[in-house]
Structures are given as C-alpha cells and as structure tokens.
Amino acid sequence: MSHSKAKTMFRELLLWECLFLLVVSVSCTPPADPVQCSTKDSNCTVTNSYGMFPDRAICRAGNVAYPKTEQELVSVVSAATETKRKMKVVTQFSHSIPKLVCPDGQDGLLISTKYLNRVVKTDKAAMTMTVESGVTLRQLINEAAKVGLALPYAPYWWGLTIGGLLGTGAHGSSLWGKGSSVHDHVVEMRIVSPAGADEGKAKVTVLNETDKDLDAAKVSLGVLGVISQVTFKLEPMFKRSITYVTKDDKDLGDEAVTFGKLHEFADILWYPSQRKAVYRLDDRVSTNTSGNGLYDFTPFRSTPSLVLALTRSTEETQESLRDANGKCLNAKVIVSTLQTAAYGLTNNGLIFTGYPVIGFHNRLQSSGTCLDSPEDSLITACAWDSRIKGEFFHQTTFSISLSVVKSFIGDVQKLVAVEPRSLCGLELYNGILMRYVKASTAYLGKQEDAIDFDISYYRSKDPAAPRLYQDILEEIEQMALFKYGALPHWGKNRNVAFDGVIQKYKNNKEFLKVKNKYDPLGLFSSEWTDQILGLRNGVTVLKEGCALEGLCVCSEDVHCAPAKGYLCRPGKTFRHARVCTRAN
Ligand SMILES: Cc1cc2nc3c(=O)[nH]c(=O)nc-3n(C[C@H](O)[C@H](O)[C@H](O)COP(=O)(O)OP(=O)(O)OC[C@H]3O[C@@H](n4cnc5c(N)ncnc54)[C@H](O)[C@@H]3O)c2cc1C
Ligand SMILES: *[C@@H]1O[C@H](CO)[C@@H](O)[C@H](O)[C@H]1NC(C)=O
Ligand SMILES: *[C@@H]1O[C@H](CO)[C@@H](O)[C@H](O)[C@H]1NC(C)=O
Ligand SMILES: *[C@@H]1O[C@H](CO)[C@@H](O)[C@H](O)[C@H]1NC(C)=O
C-alpha cells in the first residue's frame, strides 16, 4: 500500500470512528469462551484469550466438565483417573499465553472452574478469606473490601482467576512485606488430585503453612491436580497516594535498584526510545486522608472495534513500509495521551484533576472494565479480543535479579544508542512495565528479589513475516534470559524463554517429587509442562522461520526470513545472541 493511500484510509477510518461514537452509546462485549465444543460439552477445542498460542497450535479435548462444588470436582477427577484420562483445568477467560491449558492428544478432559466461583468463608478477626479457585481477582478484591479487608498486592488486571494466577506465579509490584506475588499471601489450600482405588480414585488434600508441600502447590503450573479452594491472609483496608513523575532515563539503572525500597507500590514505566522513565510514587497513607481516587487503566477499558481496527491497520502498514519514524511519532502521541489521562486514574471516579491521586486500595490496585457487559455486539471489546481485528502481539516478560539489573538496563540503553528508533514499537504498547518482585518460598517462584520487565510488541498474523527491529527485540530477550539468567513469567512469553528454564530453580527436584506424589501417572501433565519442567525436550522447535515467532534461537539463516533479507547474525552488544538481522 502506498503512503498516500494509507493516509486516505486512515482519515476515512477516523471519520467513521467519530460518526460511530456519536451514534453509539458505549456498550461492550465480554470475551469469548476459550472452550468451543461441536456437540454439547464434547469434541472441543481450547485456546487462550488471544485466540492463539505461541506455536499457533490448535488444542483439542474430548470434553469439558463444569463442576459446581468440591464434591462434583472430586467425582470428575475420580472418573477420569479411573480411565487414566489426561486432564487440564480451564478457567473462564484463559489468559495465559503459553500452551498450559492443553491436555495431550484429542481426548483429554477439560475441567472448568467457571462455576467454582464463590466466596466460601470470611474471618474478619483472623483477617482471612477463603474462596473457590474460579473466583476472579476482581471478586476477591470487592468481597474483601465489603468487610474492610484488602489483598495488599495483586496483578493490575482483575480478569484473572485465583487458580490461574497462582498456577503461573502472578504478581503486582512491591518489595515490601511478603512481596507482590499473590501466592506468598496464601495460608491454606485445598487441592483435588488423583488417588488409588482405596481412596476412591481422587482425594482432597488440605495444605497449610506448616506443610512443605504448599511450597509446590502455591505455584504449580496446574500439574498437581485441581486447586479447589484457597485461603488468603489479608490486611485491614488502607488508602494509597499515587503520583507519577516523568524523568529522562539516564540514571534509570541506579534509580531502579533503590526506588523499589522507597515506595511500597513502586513501579516504573520505561519508554527507552523516548529515553524517558515514569516513576510511580505510591505509598500507604492514613485512612482519614481525603480522596476517593479510582484506577480504570485506559488500555484495559473497552474500546470501539473500529478504533482497534484502525490502530491495527496503521501498525500493519508501518510494519510493511518499515516506517520506524511513523511508529516513533505514534508512540509519542499514545504515551502523551496516556500521561495526560493519568493512565486512567481519577481523583474521584470521574475526572483527573492532578496528583496525588488518593483513594482506597481496592479502587486503585487493579482494573479491567473491558470485561463488563452482557451484550454480544462486538461494537466495543478488550483490545486483544481475537474475534475482531485488534491488537495482536508477543509478550516477553522476565525478572532480573536486583543485583544485576543495572547492568541489564545499561545494555538495553546501549542498543538504543546504536538504533535509536528500534524500541518505538513497544512504546506503542505503553513501553516496558517494570515491577518489583520478591524472593519466594514457592519452589517455582522468584529465586531472588528482582525487577520484572513486561514487554509487548507487534506480532504478524503471518508467522513468516519478520518484524521491524526484529533483531533488537530478540537480542534483549536473549540477553535477559542467557546473560542475566532471567526467570520468564510462566503465564506469558514465547517458547525460547523456557529453554532450560527449570535449571534456574534451586528447588526444582523438590517440586518434581511433590508432583509425583500428587499425580504419579502425570494425568495433569502434558507435553508442554513436561518440556518446561525438563522432563522432555522440545521447547524450541527448529523449522523454517522459527526464530520469528520465538520458537527457536536461530542458528541458520533459514530460521529467519532469508527471502525477505533477514539473516541469522550475532547480536550488536551481546555477541552470543543469535538474532534475525535485516541485511543492508
Ligand atoms: C490483560 C492481562 C493483564 C495481565 N496482568 C498481569 C499482571 O499484572 N501480573 C501478572 O503477574 N500477570 C498478569 N497477566 C498474566 C496472568 O497472570 C497469567 O496469564 C494468569 O495465569 C492467567 O490467569 P487465568 O485465570 O486466566 O489462568 P489460565 O491462563 O486459564 O490458567 C493458567 C494455568 O493455571 C492452571 N489452573 C487454573 N486454575 C487452576 C486450578 N483451579 N487448579 C489447578 N490449576 C489451575 C491452568 O490449567 C493453567 O495451567 C496478565 C494477563 C493479561 C491477559
Ligand atoms: C468434532 O469437531 C470437528 C470440528 O471441530 C468436526 O469436524 C468433527 O466432525 C467433530 N466430530 C464429531 C464426532 O462430532
Ligand atoms: C495445619 O495442618 C495441620 C495438619 O495437616 C494441623 O494439625 C494444624 O492445626 C494446621 N494449622 C493451622 C494453623 O490450621
Ligand atoms: C488522621 O488520624 C490521625 C490519628 O489516627 C490524626 O493524628 C491525624 O491528625 C488525622 N488527620 C486528619 C487529616 O484528620
């Protein structure tokens, strides 16, 4: 497409969008069910909320069960164990990117937690709350707030379920107290796993903090069985005060190391090509401080499908024209728009009048209003909804120990110095989100205090299409994982991030022992979980173009896109990296 044609299209779409917004009062659409069956509850396919796994596989299952109580859950697991069927838990939305939800073969059983969605018990005096595992983060936050309690740290997106976020070690940002990982606030868990005939082929185990098995169960990748209920230790409700401060990123390496110790809910948004960093100064304040702030993160609001289509088309055009300047310009507009809108913060639930934004924790900790609405119109949706033309991206998310993070940040800055426009593409996705995570007792949890880097970037619908500055993005990924020993987020990332990952966990053997104890036949395991747990090869897939999708680190040109001029070459600052570079 030519430039002028693209511009005309852009203007036309903009016009349509405005007309649309005038006519349509905003209604939105809940995400699609990740499980689709050809006959009632059988002959099914399962996917994630993006509608696509890293290897683009289509996963099948024989059928899906919807237990409503722990008893029903036990009988479902018992019947499947009897016939040695493979099982996997599927949640209402299935937000994880990797293929964690796929049972092996064609005839596995999906156990949905969609109707295991009740609060079981609240103990105000003990400050604990027990919920079924299909309860969403949003529900937990709201129900706790009703009795004056708060989960201190949580992911920023409330559409996750308790079972799913524990399964993948999800977190918010904090180095204080027990840290930002939700699993480090679990005090008890009930788990349903396969058993012998003497125990009726399925059993419920109750684990509390005195039991070492909890260190395996609280981040389990779903391979121990089904988490039925979870009890959290909460805190009395409190208020927070948030101020965003923008600075240039020259001293980010030094700042990042100390900033997390200064503010309880600190995080940093990094726009490396703009050479800016936005620091979130976020602390507890006395409950009598006035303010009723609300966080409704703009990118998690429902967005008109037309706007999403327009944005995607623009990005596709920029990719095909290799228009780095265009991306940098758009990134500046997007970032400054977000900043002006305080990222979706308001001082009173309606408008933003200035920092600090002060309010109750439950109104500020997490958001996701694009999930709302009973309608099925697709006029508006979550930006990544796969049923419409919208965002489609890779997500590379890893944590790097605080002891070496300064050096990593410096390395990324060196790459930007060589290729100043190379990271505008990820700034279109609001830059790199840096969050603090603390060392955990969970066997598959964080090994050291660290900063988690969250990076999203363009993915083509065509697996054979290289992306703009493919080489720089790959170099950052490989530098983090191989030079700095970063730990990938279990619920995000491309396959390469998991190559040899289990060796990075000092208690990996303990984890495998517990797995064998709870599920000796591996009925809850799959090819993918065996691969990431080091029980089987194959995380990386060598084939034509494999490096473009992060299925491999290239070792030959054919793993890139030689016909399009992308060849396998060493990195620019990390010479051990092998990346797909566009030959001049
Ligand atoms: C918009 C968005 C924002 C996000 N923000 C954050 C963030 O701020 N911080 C963060 O850390 N992560 C974040 N994530 C990633 C997210 O934490 C993980 O993808 C999370 O695992 C998804 O939870 P889910 O309920 O969708 O679980 P799923 O993806 O459906 O399941 C994850 C795994 O857990 C297993 N599982 C689920 N329930 C159970 C159960 N009851 N018993 C046993 N196994 C079970 C599943 O089988 C699967 O293996 C975000 C994701 C999205 C899409
Ligand atoms: C199962 O579903 C697929 C489509 O997903 C269909 O082609 C096939 O015929 C179905 N099989 C049965 C037995 O219903
Ligand atoms: C923890 O579990 C053990 C048995 O498994 C039990 O004896 C103990 O009372 C429990 N502790 C708490 C605090 O519930
Ligand atoms: C808030 O309460 C504390 C005591 O709990 C008191 O010292 C302080 O003056 C109060 N502040 C305001 C603004 O009312």
Side-chain angles (χ1 to χ4, degrees), residues 27-68 72-73 76-77 79-80 83 85-117 133-134 136 157 159-161 163-165 167-168 222 226 302 305 308-309 312 368 370-393 395 459 461-463 491-492 523-524 526-529 549:
S27 65
C28 39
T29 311
D33 197 314
V35 184
Q36 299 289 333
C37 303
S38 70
T39 50
K40 190 183 181 312
D41 295 347
S42 57
N43 191 24
C44 310
T45 60
V46 61
T47 185
N48 56 21
S49 61
Y50 308 94
M52 189 81 77
F53 294 111
D55 64 357
R56 302 185 185 233
I58 292 169
C59 292
R60 307 200 61 90
N63 62 306
V64 55
Y66 292 96
K68 294 191 179 69
E72 286 181 21
L73 179 58
V76 166
V77 174
T83 55
R85 277 181 85 185
K86 286 283 188 171
M87 290 171 260
K88 275 288 169 198
V89 178
V90 63
T91 65
Q92 192 183 350
F93 302 122
S94 194
H95 279 119
S96 293
I97 294 173
K99 240 170 23 181
L100 283 167
V101 67
C102 299
D104 285 341
Q106 309 282 304
D107 194 41
L109 170 66
L110 295 170
I111 303 173
S112 172
T113 57
K114 194 171 178 176
Y115 301 115
L116 289 170
N117 59 356
S133 66
T136 61
W157 162 251
L160 311 172
T161 66
L165 64 78
T168 58
V226 189
S302 51
S305 301
L308 295 171
R312 178 68 184 181
C370 71
L371 287 177
D372 292 340
S373 163
E375 283 174 67
D376 229 353
S377 57
L378 288 172
I379 291 168
T380 72
C382 293
W384 52 85
D385 194 310
S386 60
R387 292 167 299 180
I388 54 169
K389 178 171 179 161
E391 284 181 354
F392 188 53
F393 48 82
Q395 212 164 29
R459 183 180 189 187
K461 292 281 174 182
D462 171 7
K492 304 184 186 182
L523 299 180
F524 281 93
S526 62
E527 189 179 16
W528 176 250
T529 59
E549 288 274 76

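Values below: every heavy atom of this structure, side chains too, minus hydrogens, waters and symmetry copies. Please read these numbers as outputs of a predicted model, since none were measured by experiment.
- Here the shortest heavy-atom pairing between S386 and G51 reads OG-CA, 3.8 Å.
- When the options L165, T161, T136 are evaluated for a side-chain contact (heavy atoms from CB on, under 4.5 Å) with T91, the one that passes is T161.
- In terms of heavy-atom proximity, C102 sits nearest to S526 at O-CB, 3.4 Å.
- Side-chain atoms of N48 come within 3.5 Å of backbone N or O of I97 as a donor-acceptor pair.
- Distance alone, capped at 3.5 Å, places no donor-acceptor pair between the R312 side chain and the E391 backbone.
- The main-chain N or O of L378 is found under 3.5 Å from a side-chain atom of S305 such that the two form a donor-acceptor pair.
- E549 places none of its side-chain heavy atoms less than 4.5 Å from the side chain of D55.
- Looking at V101 and P34, their side chains never come closer than 4.5 Å, going by heavy atoms from C-beta outward.
- Rounding to the nearest 0.5 Å places OH of Y115 at 8.5 Å from CD of Q92.
- A distance of 10.5 Å separates NZ of K68 from CG of N117, quoted to the nearest 0.5 Å.
- In this structure, I111 and M87 approach most closely via the heavy-atom pair CD1-SD, 3.9 Å.
- No donor-acceptor distance shorter than 3.5 angstrom exists from the side chain of D41 to the backbone of N63, with no hydrogens or angles considered.
- Looking at every heavy atom in both residues, F53 comes nearest to V46 through CE1-O, 3.7 Å.
- Under the side-chain contact (heavy atoms from CB on, under 4.5 Å) test applied with Y50, the options R459, H95, Q395 reduce to a single match, Q395.
- You'll find the side chain of T529 reaches within 4.5 Å of the side chain of K88, heavy atoms only.
- Under the 4.5 Å side-chain criterion, counting only non-hydrogen atoms from C-beta, S94 is not in contact with T47.
- The structure places CG of L73 at 11.0 Å from OG of S112, a figure rounded to the nearest 0.5 Å.
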Fill in: Criterion side-chain contact (heavy atoms from CB on, under 4.5 Å) on V226 and V76, from CA distance to verdict
CA-CA 11 Å; V226 189; V76 166; over 6 Å; no
Worksheet item: Can you list the steps and then say if K86 with D107 is a side-chain contact (heavy atoms from CB on, under 4.5 Å)?
Response: CA-CA 8 Å; K86 286 283 188 171; D107 194 41; over 6 Å; no
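- The two atoms that bring T168 and S96 nearest to each other are CG2-OG, 3.6 Å, heavy atoms only.
- Counting heavy atoms from C-beta outward, E72 and L116 have side chains that stay 4.5 Å or more apart.
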Practice prompt. Could you give me the CA-CA distance, side-chain angles and deciding distance for K99 and C59, then say whether side-chain contact (heavy atoms from CB on, under 4.5 Å) is met?
Written response: CA-CA 8 Å; K99 240 170 23 181; C59 292; 4.0 Å; yes
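- Nearest approach of C37 to S42, heavy atoms of both residues: CB-O, 3.3 Å.
- Under the 4.5 Å side-chain criterion, counting only non-hydrogen atoms from C-beta, W157 is in contact with C382.
- With sequence neighbours excluded, no residue forms a ring pair (Phe, Tyr, Trp, His ring centres under 6.0 Å) with F392.
- For K40, the NZ atom sits in a loose shell: 12 or fewer heavy atoms of surrounding residues, nucleotides or ligands are nearer than 6.0 Å.
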